[in-house]
Amino acid sequence: LISEHGALRDLPGRSIQDNAFVQKIGKKLKTVSAVKARSSNEQDRVRILTCIVDKGLQPLMLQNTRSYMENDLSSDHFLKFDTFVKGLLSEQLFRGYLKAGYRQEALEWAHFGVEINSEDLEQLLVPPCQDELRSLIVAAAKHGNTLTLENLLAAGADSAAADKKGFTALM
């Protein structure tokens with residue numbers, strides 16, 4: 001992602017202004033939600049949905065628009081879309097913060113489905129903290145990141161341990 005300031009992943013740590021810009025993007029990203037968005041009318045919502053729904057389902061959805069919308073079958077597609085978009089931007093924020101040495105900020109963005117390799121873990125978990133391992137393994141399982149799961153297990157994460165909310169990677 002490139003902005004008027006440059007590549008997003010290169011901005012953290014470059015200057016106070018760039019740090020503020022990245023924080024502003026991150027703050028906005030956390031609030032963006034297609035699930036919670038209210039379109040001006042049903043027709044707008046259908047147009048948005050046809051852009052994000054699985055291409056194989058589009059003809060069926062268009063034929064049965066009213067039924068599809070009334071049964072709120074669309075919310076699952078909007079949720080998947082939200083997760084996908086946040087994952088794309090989170091990767092850039094994660095990499096930028098990690099590169100700049102902002103460990104806590106990088107950890108925050110790691111929970112949005114970022115793939116974490118063993119080198120990333122060495123930087124993130126100094127010293128290794130079981131609370132962080134638990135929360136990261138649950139997030140990796142939620143987002144289906146097998147590479148991250150493998151690396152976390154190799155780093156000593158317990159797949160049966162619960163995070164602060166009581167979830168495990170096995171749920």
Side-chain angles (χ1 to χ4, degrees), residues 1-40 44-45 47-49 51-52 75 77-159 161-169:
L1 180 66
I2 298 175
S3 71
E4 67 271 11
H5 294 262
L8 186 58
R9 72 181 329 150
D10 296 335
L11 297 179
R14 204 169 72 177
S15 72
I16 292 171
Q17 293 83 7
D18 288 339
N19 285 345
F21 178 73
V22 171
Q23 287 174 344
K24 186 176 178 181
I25 289 174
K27 195 175 196 178
K28 290 287 186 187
L29 176 61
K30 289 177 188 174
T31 64
V32 170
S33 173
V35 174
K36 296 176 185 173
R38 297 287 174 237
S39 341
S40 57
D44 289 341
R45 191 165 165 85
R47 282 188 193 126
I48 294 167
L49 185 59
C51 292
I52 64 174
S75 63
H77 297 294
F78 281 104
L79 187 59
K80 287 178 183 175
F81 176 75
D82 286 349
T83 302
F84 175 74
V85 169
K86 286 182 180 180
L88 286 175
L89 296 175
S90 297
E91 175 77 24
Q92 300 298 310
L93 292 165
F94 170 78
R95 295 277 162 227
Y97 278 126
L98 192 63
K99 179 180 163 187
Y102 296 129
R103 186 178 156 275
Q104 201 57 43
E105 289 85 350
L107 273 169
E108 183 179 335
W109 290 105
H111 289 89
F112 283 89
V114 174
E115 283 199 359
I116 303 171
N117 61 41
S118 55
E119 292 82 22
D120 297 337
L121 282 176
E122 287 176 18
Q123 286 182 269
L124 282 175
L125 304 174
V126 180
C129 173
Q130 287 304 311
D131 285 342
E132 291 167 351
L133 283 173
R134 277 193 293 273
S135 67
L136 287 173
I137 199 166
V138 170
K142 175 183 170 187
H143 291 284
N145 284 343
T146 54
L147 174 69
T148 301
L149 285 167
E150 290 171 8
N151 288 319
L152 288 165
L153 290 169
D158 179 3
S159 62
D163 67 4
K164 291 177 184 178
K165 295 179 182 177
F167 293 107
T168 72

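From a predicted model like this one, the values you see are computed outputs, not experimental measurements.
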* Within a strict 4.5 Å, meaning less than it, do heavy atoms of the Glu132 and Leu107 side chains meet? -> yes
* If you look at every heavy atom in Leu152 and Ala140, which pair is closest and at what distance? -> CD1-CB, 4.2 Å
* To do: Rounded to the nearest 0.5 Å, what's the gap from OH on Tyr97 to OG on Ser90? Could you check?
  => 11.5 Å
May I have the list of side-chain donor-acceptor pairs in residues 112-119 shorter than 3.5 Å, sequence neighbours left out?
residue : atom : partner : partner atom : Å
Asn117  : OD1  : Glu119  : N            : 3.0
Asn117  : OD1  : Asp120  : N            : 2.7

* Asked: What pairs with Asn19 under side chain to side chain contact (heavy atoms under 4.5 Å, CB included), at least two apart in sequence or on another chain?
  -> Pro12, Tyr102
* Residue pairs involving residues 141-152 (criterion side chain to side chain donor-acceptor pair (under 3.5 Å); sequence neighbours excluded) -> none
* To do: Hey, could you give me the CG/CG distance between Leu133 and Leu121, rounded to the nearest 0.5 Å?
  => 7.5 Å
* Interatomic spacing from OG1 in Thr168 to CG in Asp158 - rounded to 0.5 Å -> 9.0 Å
* Asked: Can you check whether Ser135 reaches His111 side chain to side chain, under 4.5 Å on heavy atoms?
  -> yes
* To do: Just jot down the salt bridge (Lys or Arg N to Asp or Glu O under 4.0 Å) partners of Glu105, sequence neighbours excluded, or say none.
  => none
* **Interatomic distance, Asp18 atom CG to Asp10 atom CG [nearest 0.5 angstrom]** => 10.0 Å
* Structure fact -> What one should report as the nearest heavy-atom pair of Ala169 and Ala141 is O-CB, 3.5 Å
* Structure fact -> The side chain to side chain contact (heavy atoms under 4.5 Å, CB included) partners of Lys165 (sequence neighbours excluded) come to Asp163, Phe167
* **With sequence neighbours excluded, residues passing salt bridge (Lys or Arg N to Asp or Glu O under 4.0 Å) with Arg134** => Asp131
* Structure fact -> In short, Ala157 meets Ile137 closest at the heavy-atom pair CB-CD1, 3.8 Å
* **Straight-line distance of Trp109 CH2 to Gln104 CD, nearest 0.5 Å** => 13.5 Å
* Determine whether Ile25 and Leu89 make a side-chain contact, defined as any pair of heavy atoms from C-beta on separated by less than 4.5 Å. => no
